[in-house]
Amino acid sequence: MSGLAIAEPPHLPIPADQLIGRVLQIPASSCRYRDAALVLFVRRVRLDISRWYGGRWVWVEGDELADAGYRLGWVQALVHVDACRLRAVTA
């Protein structure tokens, strides 16, 4: 067998469309290419570019929120699918 990855959709705990409009609190350990935790108001789930991470990671886009709740700016993040559970609060 070759060392190439097989395309596989992310194994999200809920359908991707149910994440849109939610606030996710993502620990630093569940977010690649970032050193700090992230609070994200999800505007888009990128299933199209998330197929190459063995089903365990998904790209999400949206507004990063400060602890006080105000918007810091737009961000893309590669997050572990376990961080997408709906323990989040509806914004």
Side-chain angles (χ1 to χ4, degrees):
M1 181 182 276
S2 88
L4 296 175
I6 297 174
E8 184 175 348
H11 302 293
L12 290 167
I14 61 166
D17 63 342
Q18 290 183 23
L19 291 172
I20 297 168
R22 300 286 184 150
V23 175
L24 296 179
Q25 296 185 2
I26 306 163
S29 62
S30 294
C31 194
R32 285 192 177 174
Y33 314 117
R34 185 179 173 92
D35 293 330
L38 173 65
V39 178
L40 182 71
F41 177 80
V42 179
R43 295 194 179 272
R44 186 175 181 195
V45 179
R46 297 292 309 270
L47 297 176
D48 57 330
I49 61 173
S50 298
R51 299 182 58 84
W52 305 105
Y53 301 94
R56 303 186 55 82
W57 297 86
V58 64
W59 282 101
V60 291
E61 299 176 350
D63 300 317
E64 182 174 3
L65 302 177
D67 291 337
Y70 59 86
R71 182 181 183 272
L72 295 172
W74 180 85
V75 69
Q76 290 181 313
L78 181 59
V79 302
H80 196 275
V81 294
D82 287 344
C84 296
R85 298 199 184 284
L86 281 188
R87 62 180 172 270
V89 188
T90 303

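Remember, it's a predicted structure, so these values are computed and weren't measured experimentally. The first residue of the sequence shown is numbered 1, and numbering continues consecutively from there.
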Name the atoms and distances for all side-chain donor-acceptor pairs under 3.5 Å in residues 53-62, with sequence neighbours left out.
residue, atom, partner, partner atom, Å
Tyr53, OH, Trp59, NE1, 3.2
Arg56, NH2, His80, NE2, 3.2
Glu61, OE2, Arg46, NH1, 3.2
Glu61, OE2, Gln76, NE2, 3.0

Are Leu65 and Val23 close enough that some pair of their side-chain heavy atoms sits under 4.5 Å apart? yes
Minimum heavy-atom distance between Leu24 and Ala83, given as atom pair plus value: CD2-O, 4.0 Å
Give, for atom CZ of Arg44 and atom CG of Leu19, the distance between the pair rounded to the nearest 0.5 Å. 14.0 Å
Linking Ile, Leu, Val, Met, Phe, Trp and Tyr through side-chain heavy atoms less than 4.5 Å apart, which residues share a cluster with Tyr70? Leu72
Is any side-chain heavy atom of Cys84 less than 4.5 Å from a side-chain heavy atom of Ile14? no
Filter on salt bridge (charged side-chain N to carboxylate O under 4.0 Å, His left out), then keep only pairs touching residues 69-78, sequence neighbours left out; what's left? Asp63-Arg71
Between Ser30 and Val79, is there a side-chain heavy-atom distance shorter than 4.5 Å? no
Contacts of Glu64 that satisfy salt bridge (charged side-chain N to carboxylate O under 4.0 Å, His left out) - sequence neighbours left out: Arg34
